[in-house]
Amino acid sequence: MWIFLNDRFVRKKDALISVFDHGFLYGDGVYETLRAYGGRIFRLRQHLARLSRSASLIGLDIPFVEQDFITVLREAMKRNDLSDAYLRITISRGEGNIGLDPRLCPYPTVVVISLPLQPYPVELFNTGVSLALVNVRRNLAAALPPMIKSLNFLNNILAKQEASRAGGFDGLMLNGEGHIAECTTSNIFFVKDGCVYTPSVACGILDGITRETVLSLAREQALPTEEGRYRPDALLEADECFLTNTTMEIMPVQDIDKRPIGKERPGPVTDRLRELFRANLPRFLE
Ligand code: PLP
């Protein structure tokens with residue numbers, strides 16, 4: 001397996017970084033997860049734009065321009081003979097002395113990993129997944145903005161652990177005000193009386209690229225949509241609920257804390273959106 005490290009492709013066993021890398025020491029860095037279908041990358045420009053935004057929000061200068069990443073991502077898939085791929089770009093602050101000051105690290109570390117995509121079990125898309133409403137709250141936007149896709153993932157890891165202990169596939173986090181935010185690596189939607197609802201970005205969530213894709217597909221079809229602030233009760237009374245992210249696409253939710261959501265899984269609106277997503281996929285691939 002070939003890994004891109006800083007300025008070249010190396011074998012996995014040679015893809016080593018310093019124990020003084022601030023990504024390792026402090027979680028100081030950003031990343032993106034991308035997905036390729038038949039060698040073509042889903043919403044490539046949007047992912048690279050978000051990477052650039054995350055980096056700029058932590059004051060990290062990326063030593064690459066957009067086209068450099070595109071070249072590396074394509075080369076990574078070629079070298080590893082991948083067609084349906086999971087791609088991850090990680091950029092850490094780089095190696096430096098002990099201390100929080102980013103100026104200790106003159107060069108960021110850039111890593112691109114490409115792996116065969118491990119699809120979620122097909123039956124999950126039919127039965128839906130179980131969520132646990134966790135006590136861990138989503139990071140306060142005023143403390144560590146969820147819009148930064150950062151290497152510091154402990155907030156979500158604590159939520160995931162709590163969900164696993166409760167027997168959930170994933171944990172649903174609320175924000176500091178008690179409104180629904182998102183799951184540990186996905187955005188959440190629910191459907192009530194034909195309207196598609198999702199927490200607004202102002203709730204303190206990552207503005208998922210799949211979330212935005214689903215919203216625009218729904219709007220193109222004149223399906224009613226609303227982004228807002230919602231209490232968990234609204235979700236528990238919904239007709240349908242689903243999650244979105246780049247590797248999962250659209251995943252129905254069966255129950256939350258063992259309370260079933262709606263009657264049908266996947267529900268008719270979720271099903272329609274999944275069909276729309278699949279039918280329109282070619283125009284999102286590059
Ligand atoms: N929310 C969080 C916290 C995430 O980590 C992710 C993806 O990793 C998402 C939402 C979904 O984002 P996207 O649709 O861009 O993959």
Side-chain angles (χ1 to χ4, degrees), residues 27 29-37 41-55 57 69 73 84-91 113 115 117-120 129 131-134 136-141 143-163 168-176 179-190 196 198-218 227 241-251 253 273-274 276-278 280-281 284-286:
V30 295
Y31 81 101
E32 272 299 316
T33 298
L34 302 90
R35 173 174 177 173
Y37 298 77
I41 301 172
F42 176 69
R43 307 223 90 172
L44 174 59
R45 310 279 160 172
Q46 285 85 349
H47 278 284
L48 294 177
R50 190 169 66 187
L51 180 69
S52 161
R53 184 190 70 195
S54 295
L57 286 169
F69 280 118
L73 289 165
D84 291 335
Y86 164 97
L87 302 159
R88 177 174 160 132
I89 305 174
T90 307
I91 309 177
I113 295 172
L115 299 167
L117 184 86
Q118 298 292 339
Y120 286 87
V129 295
L131 296 184
L133 186 59
V134 294
V136 173
R137 295 288 170 113
R138 189 69 175 109
N139 280 332
L140 273 189
L144 179 56
M147 289 185 79
I148 303 172
K149 206 161 162 55
S150 107
L151 297 187
N152 197 315
F153 228 60
L154 273 179
N155 179 216
N156 313 45
I157 291 167
L158 292 177
K160 182 81 180 179
Q161 286 176 319
E162 191 184 334
F169 166 86
D170 202 356
L172 172 59
M173 289 177 279
L174 306 181
N175 66 14
H179 296 121
I180 300 162
E182 59 185 339
C183 290
T184 62
T185 57
S186 58
N187 293 111
I188 189 153
F189 284 74
F190 62 95
V196 179
T198 195
S200 66
V201 174
C203 290
I205 58 170
L206 182 75
D207 49 343
I209 290 164
T210 322
R211 170 188 180 279
E212 187 271 320
T213 306
V214 166
L215 280 174
S216 55
L217 286 171
E227 296 170 73
C241 175
F242 61 88
L243 308 177
T244 61
N245 78 15
T246 296
T247 48
M248 201 158 61
E249 301 175 344
I250 298 175
M251 174 67 81
V253 172
L273 289 168
R274 281 168 62 192
L276 279 172
F277 188 90
R278 279 281 155 168
N280 285 278
L281 194 53
F284 302 126
L285 302 182
E286 197 177 322

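Order of appearance sets the numbers: ligands from 1, and atoms from 1 within every ligand. Since we're looking at a predicted model, the values are computed, not measured. When reading the values below, keep in mind they use all heavy atoms of this one structure, side chains included, and skip hydrogens, waters and symmetry mates.
With hydrogens and angles ignored, the 3.5 Å screen pairs a side-chain donor or acceptor of N187 with a backbone N or O of L206. Side-chain N or O atoms of N245 include one that pairs as donor or acceptor with a backbone N or O of T185 at under 3.5 Å.
Counting only N and O atoms by type, the side chains of R138 and N156 include a donor and acceptor under 3.5 Å apart.
For atom 14 (O) of ligand 1, the closest non-hydrogen atom on the protein side is T210 OG1, 2.6 Å. Considering only non-hydrogen protein atoms, atom 9 (C) of ligand 1 sits nearest to T185 O, 3.5 Å.
Using a non-hydrogen distance threshold of 4.0 Å, R43 does not register as a contact of ligand 1. Using a 4.0 angstrom heavy-atom cutoff, T184 counts as in contact with ligand 1. Ligand 1 is approached by K149 to a heavy-atom distance shorter than 4.0 Å. Contact annotation: R138 has at least one heavy atom less than 4.0 Å from an atom of ligand 1.
A salt bridge does not link E249 to R274: none of the charged nitrogens lies less than 4.0 Å from a carboxylate oxygen. Contact check on E182 versus R211 returns no salt bridge, with no Lys/Arg side-chain nitrogen under 4.0 Å from an Asp/Glu carboxylate oxygen.
The contact set between ligand 1 and E182, taken as ligand atoms under 4.0 Å from a residue heavy atom, comprises 1 (N), 2 (C), 3 (C), 10 (C). Distances below 4.0 Å separate heavy atoms of N156 from the following atoms of ligand 1: 3 (C). Atom numbering of ligand 1 starts at 1 in the shown order; those under 4.0 Å from a heavy atom of G208 are 12 (O), 13 (P), 14 (O), 15 (O). Listed by number with element, the atoms of ligand 1 under 4.0 angstrom from any heavy atom of S186 are 1 (N), 2 (C), 9 (C), 10 (C). Proximity to F153 (heavy-atom distance under 4.0 Å) selects the following atoms of ligand 1: 5 (O). Contact atoms of ligand 1 toward T246: 13 (P), 14 (O), 15 (O), 16 (O) (distance under 4.0 Å to a heavy atom of the residue).
For ligand 1, the polar-atom distance check against I209 finds a nitrogen or oxygen pair separated by under 3.5 Å. For ligand 1, the polar-atom distance check finds an N/O of R50 within less than 3.5 Å of one of the ligand's N/O atoms.
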**OP:** Output, in order, the C-alpha distance, side-chain angles, deciding distance and verdict of salt bridge (charged side-chain N to carboxylate O under 4.0 Å, His left out) for K149 and E32.
**Re:** CA-CA 7 Å; K149 206 161 162 55; E32 272 299 316; 5.6 Å; no
**OP:** In sequence, state the C-alpha distance, the side-chain angles, and the governing distance for M173 and N155, and then conclude on side chain to side chain contact (heavy atoms under 4.5 Å, CB included).
**Re:** CA-CA 10 Å; M173 289 177 279; N155 179 216; 4.3 Å; yes
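The ring of F42 has its center closer than 6.0 angstrom to the ring center of F277.
Here the CG atom belonging to L172 is positioned 4.5 Å from the CD1 atom belonging to I188, to the nearest 0.5 angstrom.
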